[in-house]
Amino acid sequence: QVRLAESGGASVQTGGSLRLSCQASEYISDYFMGWFRQAPGKEREGVAAIVGGGDSTYYADSVKDRFTISRDNAKKTLYLQMNFLKPEDTATYYCAARWYRADGNSWSSPAGYPHWGQGTQVTVSS
């Protein structure tokens, strides 16, 4: 099964930017992939997702117009560019993969993803 490893988390100030990466152990062009986050005491929530070819994306309302998900299938890597970061973006960020394409209603449900990375911490201070 595919193994996923996130990197790029850090502590930044409000308004800053970060780019998270998720390196896969195998080619990912057939996987629908997403980024999720979980803050202490809160449920894991979907942040963004992208289809295998990269031509369709989905975003949570809270990050739309600030975050951009992308993928480089040749490099087996998923990215999340995060701009204009806010303290409420503080969380552990996870990448996840699934075989079957999700739609606009189901992409953000963690239960639909069998493959997960270990997470990377993002802390945004005011």
Side-chain angles (χ1 to χ4, degrees):
Q1 78 179 30
V2 63
R3 295 184 300 277
L4 304 171
E6 303 92 337
S7 61
S11 295
V12 297
Q13 293 189 326
T14 297
S17 297
L18 283 175
R19 188 175 82 156
L20 305 183
S21 299
C22 173
Q23 181 69 51
S25 61
E26 62 185 65
Y27 285 104
I28 56 172
S29 57
D30 291 333
Y31 287 97
F32 183 97
M33 300 191 72
W35 285 99
F36 291 77
R37 66 186 181 187
Q38 188 166 19
K42 295 189 176 181
E43 293 186 353
R44 192 168 297 190
E45 63 173 357
V47 175
I50 186 168
V51 301
D55 55 323
S56 185
T57 57
Y58 303 87
Y59 293 94
D61 288 342
S62 59
V63 307
K64 205 170 292 184
D65 299 325
R66 298 190 298 123
F67 291 10
T68 302
I69 188 171
S70 62
R71 62 195 297 161
D72 187 332
N73 288 337
K75 293 184 178 179
K76 299 181 284 187
T77 305
L78 178 73
Y79 302 100
L80 185 67
Q81 178 66 44
M82 305 187 295
N83 299 326
F84 305 108
L85 283 160
K86 305 175 180 180
E88 51 263 44
D89 295 319
T90 295
T92 301
Y93 283 71
Y94 301 88
C95 67
R98 54 185 284 169
W99 272 111
Y100 300 104
R101 178 171 177 162
D103 61 21
N105 293 319
S106 63
W107 72 266
S108 60
S109 173
Y113 296 78
H115 309 291
W116 292 85
Q118 82 289 348
T120 186
Q121 178 66 37
V122 172
T123 303
V124 185
S125 58
S126 57

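Computation of the quantities below employed the complete heavy-atom set of this structure, encompassing side-chain atoms and omitting hydrogens, waters and symmetry-equivalent molecules.
Taking all atoms of both residues into account, the shortest heavy-atom contact from Tyr27 to Asn73 is CD2-O, 3.5 Å. In terms of heavy-atom proximity, Leu4 sits nearest to Ala97 at CD1-N, 4.0 Å. Summarising the geometry of Val122 relative to Gly9, their closest heavy-atom pair is CG2-CA, 4.1 Å, with the distance given to 0.1 Å. Nearest heavy atom pair, residue Ala102 against residue Ser106, reads CB-OG, 3.4 Å. The two residues Leu78 and Gly34 make their nearest non-hydrogen contact at CD2-O, 3.9 Å.
More than 12 heavy atoms of other shown residues, nucleotides or ligands fall within 6.0 angstrom of atom CG in Asp103. Annotation: Glu88, atom CD; neighbour count of heavy atoms from other residues, nucleotides and ligands within 6.0 Å is above 12.
Using modelled atom types, no side-chain atom of Gln23 and backbone atom of Arg3 make a donor-acceptor pair closer than 3.5 Å. Remark: the backbone N or O of Gly46 is not paired with any side-chain donor or acceptor of Ser108 at under 3.5 angstrom. Put simply, the side chain of Gln81 never gets that close to the backbone of Thr68: no donor and acceptor are under 3.5 Å apart. Of the possible polar contacts, none joining the Gln38 side chain to the Ala91 backbone as a donor-acceptor pair under 3.5 Å is found.
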With a cut-off of 3.5 Å and sequence neighbours excluded, list every side-chain donor-acceptor pair involving residues 52-59.
{"unit_1": "Tyr59", "atom_1": "OH", "unit_2": "Ile69", "atom_2": "N", "d": "2.9"}

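For the pair Leu85/Phe67, a side-chain contact is recorded, criterion being any heavy-atom separation below 4.5 Å from C-beta on. Residues Asp30 and Trp99 meet the side-chain proximity criterion, which asks for heavy atoms closer than 4.5 Å. In this structure the side chain of Ser7 never reaches within 4.5 angstrom of the side chain of Thr120, judged on heavy atoms. No side-chain heavy atom of Val12 sits under 4.5 Å from any side-chain heavy atom of Ser17.
Legend: residues meeting ring pair (Phe, Tyr, Trp, His ring centres under 6.0 Å) with Tyr93, ordered by chain and number and at least two apart, are absent. A search for ring pair (Phe, Tyr, Trp, His ring centres under 6.0 Å) contacts involving Tyr79 returns nothing, not counting sequence neighbours.
A distance of 8.0 Å separates CH2 in Trp107 from CZ in Phe32, rounded to the nearest 0.5 Å. With values rounded to the nearest 0.5 angstrom, Ser11 atom OG is found 7.5 Å from Gln121 atom CD. Interatomic distance, CD of Glu6 versus CG of Leu80, reported as 11.0 Å (0.5 Å rounding). Between the CE atom of Met82 and the CZ atom of Arg19 there is a distance of 11.5 Å, given to the nearest 0.5 Å.
For Trp35 and Tyr94, the ring centers are positioned 6.0 Å apart or more.
Hydrophobic clustering, with ILVMFWY side chains joined whenever heavy atoms are under 4.5 angstrom apart, groups Tyr100 together with Met33. Val47 is connected to Val124 through a chain of hydrophobic side-chain contacts under 4.5 Å among Ile, Leu, Val, Met, Phe, Trp and Tyr, so both are in one cluster. Leu20 and Val63 fall within a single hydrophobic cluster, where Ile, Leu, Val, Met, Phe, Trp and Tyr side chains are chained together by heavy-atom contacts under 4.5 Å.
Of the candidates His115, Arg98, Glu26, Glu26 is the only one forming a side-chain hydrogen bond (donor to acceptor under 3.5 Å, both in side chains) with Tyr31.
Ion pairing between Lys86 and Asp89 fails under the 4.0 Å rule for side-chain N and carboxylate O.
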_Set out, in order, the CA-CA distance, both residues' side-chain angles and the distance that settles side chain to side chain donor-acceptor pair (under 3.5 Å) for Ser125 and Gln13, then state yes or no._
CA-CA 5 Å; Ser125 58; Gln13 293 189 326; 4.9 Å; no

_Pair Glu45-Arg37, salt bridge (Lys or Arg N to Asp or Glu O under 4.0 Å): steps then yes or no_ = CA-CA 6 Å; Glu45 63 173 357; Arg37 66 186 181 187; 2.6 Å; yes

